[in-house]
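Taking it in order: structure first as structure tokens, then the write-up.
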Protein chains: 2
Amino acid sequence: MAPPRQRRATQLDIARRAGVSQATVSLVLSGGPASTQIAEPTRQAVLAAAGELGYSANIAAKSLKGGRTYLLGLYTFEPVFPTDQRDFYYPFLMGVEEEAARQGYDLLLFTSIGSGEREIYTGGVNRLKLADGCVLLGRNVRREELAELVREDFPIVFIGRRELDGAELSYVAADYVNATSDLVGELVRRGHRRILHLRATGDSEPTRDRESGYRRGLAAAGIAVDESLIRTLADPADLTPAFIRHWTDTAGVTAILVEPSEDNRLTTALDVTSADGGVRFPADCSIALLGDPPSWTPELRNWTRYSLPRAEMARTAVQLLISLLDGPDGAAPQLTVPCSFVPGDSIGPAPERTWSR
Amino acid sequence: MAPPRQRRATQLDIARRAGVSQATVSLVLSGGPASTQIAEPTRQAVLAAAGELGYSANIAAKSLKGGRTYLLGLYTFEPVFPTDQRDFYYPFLMGVEEEAARQGYDLLLFTSIGSGEREIYTGGVNRLKLADGCVLLGRNVRREELAELVREDFPIVFIGRRELDGAELSYVAADYVNATSDLVGELVRRGHRRILHLRATGDSEPTRDRESGYRRGLAAAGIAVDESLIRTLADPADLTPAFIRHWTDTAGVTAILVEPSEDNRLTTALDVTSADGGVRFPADCSIALLGDPPSWTPELRNWTRYSLPRAEMARTAVQLLISLLDGPDGAAPQLTVPCSFVPGDSIGPAPERTWSR
DNA sequence: AGCCACTTCTAATACGTATTAACCGCCTCG
DNA sequence: CGAGGCGGTTAATACGTATTAGAAGTGGCT
């Protein structure tokens, strides 16, 4: 009794067993259009031999040669393990997985636990390349890496709008501009004139787009922008009762737009503020979130907000990526999908506020 | 200014630029022990050229040569998309991902959306073999497939105890027997003598192990098993107030052990029963869960239960798998990890109950 | 001078697949 | 009877890397 073979069966093994050449085996197993030129009996013999040997193609060889692996990569720039963050990514993962499966691709999770710096090219190796293409997402993008991927002509689609210097990146992004603008319109319709806009830290595209939307919404309503009402909120915990009262009492603010953090600190802070601090939304002040709080922390309130169709964005990203694989057309496609308005219960009519500039 | 190069730089490009051979480049860049035999000036020249060209190794070629892909598969026998199931599956995914990353492997998600029957072997080809090895889990295992994988000598580790006819399967399993036995001991200590044991449908190992634990716990307490107190609960929704009252009033039951479903139907049913039906746990009846309800549905109660260390099991499974890859020793290792007791608030002292056999 | 030892580098090859040009046998048609 | 065509198969090659045997050069020692 021979010891069990460790080596996996190759096309050559199949070829020998079926009495044909390796090339024939490849033609049969690739199954493509070329396989019709193989006579049926030969085909069957090859398939039988493959079955008996428990053959499965070696992806490394396949992708080295340039063939399809039918693997899609998924890469996240954030560390995935902090629980807060994962709540944010989960819907994306779901959507990507679902659509990939539907299209007959398996998913390759590049789990970047690495040290920091350049992670995609760890040890000078681009790990992504095992897959046919890759969906990427995350907030703290390392743009040099992204640019390098684009330069290398590796098919990638980003979930979220990202701009690169000197390179066109494909993406599927939420339409923060219009969503925010509409939200402003909604507030104006209820009589609000002085709306505080609280930006997240940093200067990523989503943050900029929300500000653009804010400005556009005010412009559409014929209201001049008071630059002092655009602030950066370093930490959601700063959203204290005192902070809010300051704006309402001394600046005449009647409504606040706030860009949510990806963890649940924002909603926690708001809950604390209204519970312990006695600030009543919307009686004292209307408030609306510029996006979703993490989805499955138990929500004590139904915040007025807009909601990004994360799963749909993810599915769209996969479709886009696969279309890139199939037809490497020139321009990098960039899609924008609308957000849905969630009425919620945290905005109301503007109260009478005595305030003079 | 030349248009940006499409093809990525290879070792051959570097070799040409540095005026050496490809082999030399490989020796230098691999950095291994053999690189010491390269003269320092040559080394520097190669490194410089590599830097200028922005070289990054082609992982496909690398793993083709090395015989390793550094991919670990993750396959689940359940359909993955129903959100309920997902909640169950997620901690495992996290653990697997974390440990795989730590060990320098990426994760290949085999997303089985397929039709049913034999999914791993589609078209006589084993999809799992794309990876170096595979972690599997799920309730509705197709044992023929598992057995075939073992027979083919493909490295797999199951999360959960599974027995196969004529094949040794490696697994990492929770110690349901002792956990259940201990839980019974806890109830007996509080005066309970007639404990209803509600099995899940089916006859999988976890279900059998829990029953074994139930029997062992009673035996340890010197209580004879009343077979009529071991029942199968087809649907958690059957856990109505009437059902519970039936057992407490006509059979003298003072405590119930119930095997949770993987979705959130069980806790939902219990919530309904205690809210609408007026059954008070533990005043009317003690109740404990033989495992975790889905982790992040908002828990209205802190159920007494034991909890499996899912992430740890997953990490252990990955370690086990990698050890299988590195050293193909004979026996298939099988590990059991203890569960942790969660006191909760749904058990109490046994009430006086007038009941005669 | 001849030989060996040592350092530094290279030629050659293997890994497993996809692809293409070529080949072979056979039939048809002129 | 030869030219041409066609269906079916294969030889050859490329992909980018790691590895090994050995070549070329250098110097020391007898």
Side-chain angles (χ1 to χ4, degrees), chain A residues 5-46 49-50 53-71 123-127 129-130 132 152-154, chain B residues 5-16 18-46 49-50 53-71 125 129-130 132:
Chain A
R5 56 184 308 148
Q6 288 298 347
R7 205 174 58 87
R8 303 265 171 82
T10 72
Q11 290 187 349
L12 191 56
D13 298 322
I14 298 177
R16 280 198 264 262
R17 178 176 260 251
V20 297
S21 74
Q22 176 267 325
T24 305
V25 174
S26 175
L27 285 175
V28 170
L29 294 181
S30 304
S35 86
T36 47
Q37 65 179 270
I38 301 292
E40 195 52 28
T42 313
R43 239 179 72 83
Q44 293 305 332
V46 168
L53 292 178
Y55 171 81
S56 145
N58 178 322
I59 1 159
K62 212 166 191 166
S63 64
L64 173 58
K65 180 55 190 168
R68 285 277 181 100
T69 60
Y70 291 97
L71 295 182
V125 176
N126 179 348
R127 319 201 63 193
K129 291 239 164 151
L130 274 183
D132 290 340
E152 284 183 8
D153 217 28
F154 183 71
Chain B
R5 54 184 311 143
Q6 295 293 0
R7 201 175 59 89
R8 62 190 291 103
T10 72
Q11 290 187 348
L12 191 56
D13 297 322
I14 299 177
R16 280 198 264 263
V20 297
S21 74
Q22 176 267 325
T24 305
V25 174
S26 174
L27 285 176
V28 170
L29 294 181
S30 305
S35 86
T36 50
Q37 66 178 256
I38 303 291
E40 194 52 27
T42 313
R43 236 180 74 82
Q44 293 304 333
V46 168
L53 292 178
Y55 171 80
S56 74
N58 181 322
I59 201 187
K62 207 165 191 162
S63 55
L64 172 57
K65 181 58 186 163
R68 284 269 186 109
T69 58
Y70 291 97
L71 295 182
V125 169
K129 287 199 178 172
L130 291 179
D132 289 340

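Proteins come first, then strands; the chains are lettered A, B, ... in the order of their sequence lines, and each starts at number 1.
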Under 4.0 Å between any heavy atoms, over every strand shown, what does A:V20 touch: base, sugar-phosphate, or nothing? Just pick one.
-> sugar-phosphate
Rounded to whole Å, the CG-P distance (A:L27 to D:dT13) equals 18 Å
Knowing that exactly one of A:L53, A:L12, A:V25, A:V46 qualifies, which makes a side-chain contact (heavy atoms from CB on, under 4.5 Å) with A:R17?
-> A:L53
Whole angstrom is fine here: how far is it from OH in A:Y55 over to C1' in C:dA18?
-> 11 Å
Of the listed C:dC9, D:dG16, C:dA11, the closest approach to the B:A23 side chain comes from C:dA11
B:S26 side-chain N/O to D:dT19 phosphate OP1/OP2 under 4.0 Å | no
Nucleotide D:dA18, atom P - distance to OH of B:Y70 in whole Å = 12 Å
Student check: side-chain heavy atoms of B:V28 and B:V20 closer than 4.5 Å | no
Side-chain atoms of B:T10 come closest, of C:dT10, D:dT17, C:dG16, to D:dT17
To the nearest Å, give me how far apart CG (B:L12) and P (C:dA11) are.
-> 11 Å
Which part of the nucleic acid, if any, lies within reach of A:T42 when heavy atoms closer than 4.0 Å are counted: base, sugar-phosphate only, or nothing?
-> sugar-phosphate
Against the side chain of A:L64, the closest entry in D:dG16, C:dT17, D:dT19 is D:dG16
Look at the side chain of B:Q22 and the base of D:dA18, then say whether one donor and one acceptor between them are separated by less than 3.5 Å.
-> yes
Nucleotide C:dC6, atom P - distance to CD of B:Q37 in whole Å | 15 Å
Take atom CD of B:Q11 and atom P of D:dG16, then tell me their distance rounded to the nearest Å.
-> 11 Å
To the nearest 0.5 angstrom, please state how far the OG atom of A:S63 sits from the CG atom of B:N58.
-> 7.0 Å
dist B:I14:CD1 -> B:L29:CG (nearest 0.5 Å) comes out at 5.5 Å
Return the nearest nucleotide to the side chain of A:A57; candidates are C:dT17, D:dT9, D:dT19.
-> C:dT17
May I ask you to evaluate whether B:S21 reaches the phosphate of C:dT10, defined as a side-chain N or O under 4.0 Å from OP1 or OP2?
-> yes
Among D:dT9, D:dA18, C:dG16, the one nearest A:K65 by side-chain distance | C:dG16
Atom NZ of B:K62 and atom P of C:dG16: how far apart are they, to the nearest Å?
-> 18 Å
Rounded to the nearest 0.5 angstrom, the CG-OG distance for A:L27 and A:S21 is 8.0 Å
Establish, with yes or no, whether the OP1 or OP2 oxygen of D:dT10 is under 4.0 angstrom from a side-chain nitrogen or oxygen of A:T24.
-> yes
To the nearest Å, how far apart are A:I38 CD1 and C:dT20 C1'?
-> 14 Å
